[in-house]
Amino acid sequence: MIEVKEVTKSLPNGKRILKGVSFKAEKGDFIGILGPSGAGKTVTMRCLNGLTKPSTGSILIQTNGVTKDLACCNGKSLRHIRQKIGIIFQGFNLVKRLSVLDNVMVGRLGQINSFRSLFYGFSNAEAEEALEALEKVKIAHLAYRKVASLSGGEQQRVAIARAIFQKPYILLADEPIANLDPSNAKKIMKLLRPLAEEMPVIGVFHQPEIAAKYCTRIIAIKDGNVIYDGSPKVSDELLADIYGEELFQLDELVEQQSQLVVS
Amino acid sequence: MRFELTAYKKSFRKLFIATVFLFFFIASARLCRVDLGVFQQGIFEGLSFLSEMFPPDVAAFSEMIYPAFETILIALLATVFGALFSFGFALAGAANLSSPWLKTISRFAMAAERALPEIIIILLLVAALGLGPFPGVVALAVGCLGMLGRLYADAIEEVSPKTIEAVASVGATKMQIIQYVILPEVLPSIISNTLFRLEINIRLSVLLGAVGAGGIGYEIFYSFQLLEYERASTAIMVVLALVFLSERLSDYLRKKIATGGKLS
């Protein structure tokens, strides 16, 4: 379970990107976060994984019955909590020159001790498990290929297999289908959906119709606030409300994101 | 430019540049005491000298095998140490892994090393460590830093920060990120650059031999000292073969890596 409480994030220049985002996600939830560019979706995602630190608020994550606040984690404790947060990205972000299987193994790096990882000490049982994860995303036959030789859809499946193998308590997906063609996008959504039965899955999407079709819940973020949290059957009025002014904010958005990288 | 130079002005400028150049040319020739007479004499002396070097002393060939081997070993050992040492500096000097101040220090050390010719380094080390192959190894290893460190660091900086972030997001330590992301991504470029450096080190190791680091370079130097020119020319032949072969081998291997041949 993950609970986001009143999370705010301000840039060094004082601009507030998140103005108090709160929501809760539990096992069984497949949440689609919608919102115009620059609304704070990606920042929310980055906060949920500790890649960005919220200015105020807390992100409570329950692992093994113990609740930890991600917003207060640093260094070692942050690494510790990240072991249990799976994340897949728009650009797949795999290690291109490693094999598919090795990339899946990387998912558990945080959980094995440094001595074992220094000697590539993954056990046969773990390799077996990694292969099972690949089977789940239906690319076990590619296990020994170099990632660089795979298509985008296949690479995203590797990323999902890595997250499955990681055995996280939460799975985050930052625009997982934005770089894929419609048919591959649907396949990836079909793979993500059943995962929600084992852990909350939270994804950022740019295609409201796809999110509405596969997600169990929609959260809309605009101007750093949650403006909708509920059924995936979103009305046209809401969509117009979410995306209405997007085009006029482009310049601001570019500036914001470049500042975000700095911060 | 706010106004166009006329054709006349342009040709005047060319003439002016040519005059300045000629002036400096003559001035430097005077400073270096260029004397064509020396050159004329030298040609004949050189030819007679060359004839003294001919024919090479075939009997000495067997004596050259061990020194040649030593030269290769010095170069090899120096390249291995140098590569490891440079990789450490490269990690510290790569913007995507290191902190800004550490990066600046490391990059400065590399640039400083590049500015020092190997011969200066060995003269310093001979003064500090004495004569022999070991100072040679150390000098060549240190000599790798400027070139290899820089090339490695640049290769590391090309690894996508997003991939690094993705692996960090599963809770991996910095060590693990280096091992599982950086190393596989930069390995082809590291191997290729290191082979190139090995080739350079074999040539330098011959040179360093002449200032006391042992190996085949020392044989050449020693033979000249004893006026055994035929023996020297045998040694030179061996050096030629050595350098040629090492270049062919490194070219072959590097081409194979570039075309994605299986090596690992």
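None of these values were measured; they are calculated from a predicted model. Below, chain A is the first sequence line, B the second, and so on; all start at residue 1. These values consider heavy atoms only, across backbone and side chains, with no hydrogens, waters or symmetry-generated copies.
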Subject >> Side-chain donor/acceptor of B:Y180 to backbone N/O of A:S117, under 3.5 Å >> reply: yes
Subject >> Positions in residues 70-85 of chain A that reach chain B, provided some heavy atom is under 4.5 Å away >> reply: A:R79, A:R82, A:Q83, A:I85
Original post:
Within a radius of less than 6.0 Å around CG of A:N113, do more than 12 heavy atoms belonging to other residues, nucleotides or ligands occur?
Top reply: yes
Original post:
Any chance CZ of B:F61 has more than 12 other-residue heavy atoms, nucleotides or ligands included, within less than 6.0 Å?
Top reply: no
Subject >> B:F81, CZ atom: more than 12 neighbouring heavy atoms under 6.0 Å >> reply: no
Original post:
What distance do B:Q176 atom CD and A:L118 atom CG have between them, rounded to the nearest 0.5 Å?
Top reply: 9.5 Å
**OP:** Sort out for me which residue in A:L109, A:L94, A:V95 forms a side-chain contact (heavy atoms from CB on, under 4.5 Å) with B:V181.
**Re:** A:V95
Subject >> A:K53 NZ: over 12 foreign heavy atoms closer than 6.0 Å >> reply: yes
Subject >> Option that, when pairs with chain B are counted at under 4.5 Å, heavy atom only, ranks first among A:I112, A:L98, A:D102, A:I87 >> reply: A:L98
Original post:
Nearest 0.5 Å, what's the CZ-CE distance between A:F115 and B:M175?
Top reply: 12.0 Å
**OP:** Could you please state which residues from residues 148-174 of chain B sit under 4.5 angstrom from chain A, measuring non-hydrogen atom to non-hydrogen atom, sorted by number, or 'none'?
**Re:** B:K162, B:T163, B:E165, B:A166, B:V167, B:A168, B:S169, B:V170, B:G171, B:A172, B:T173
Original post:
Take atom NZ in A:K136; do more than 12 heavy atoms of anything else shown fall under 6.0 Å from it?
Top reply: no
**OP:** Check whether more than 12 heavy atoms from other residues, nucleotides or ligands sit under 6.0 Å from atom CZ of A:R116, and answer yes or no.
**Re:** yes
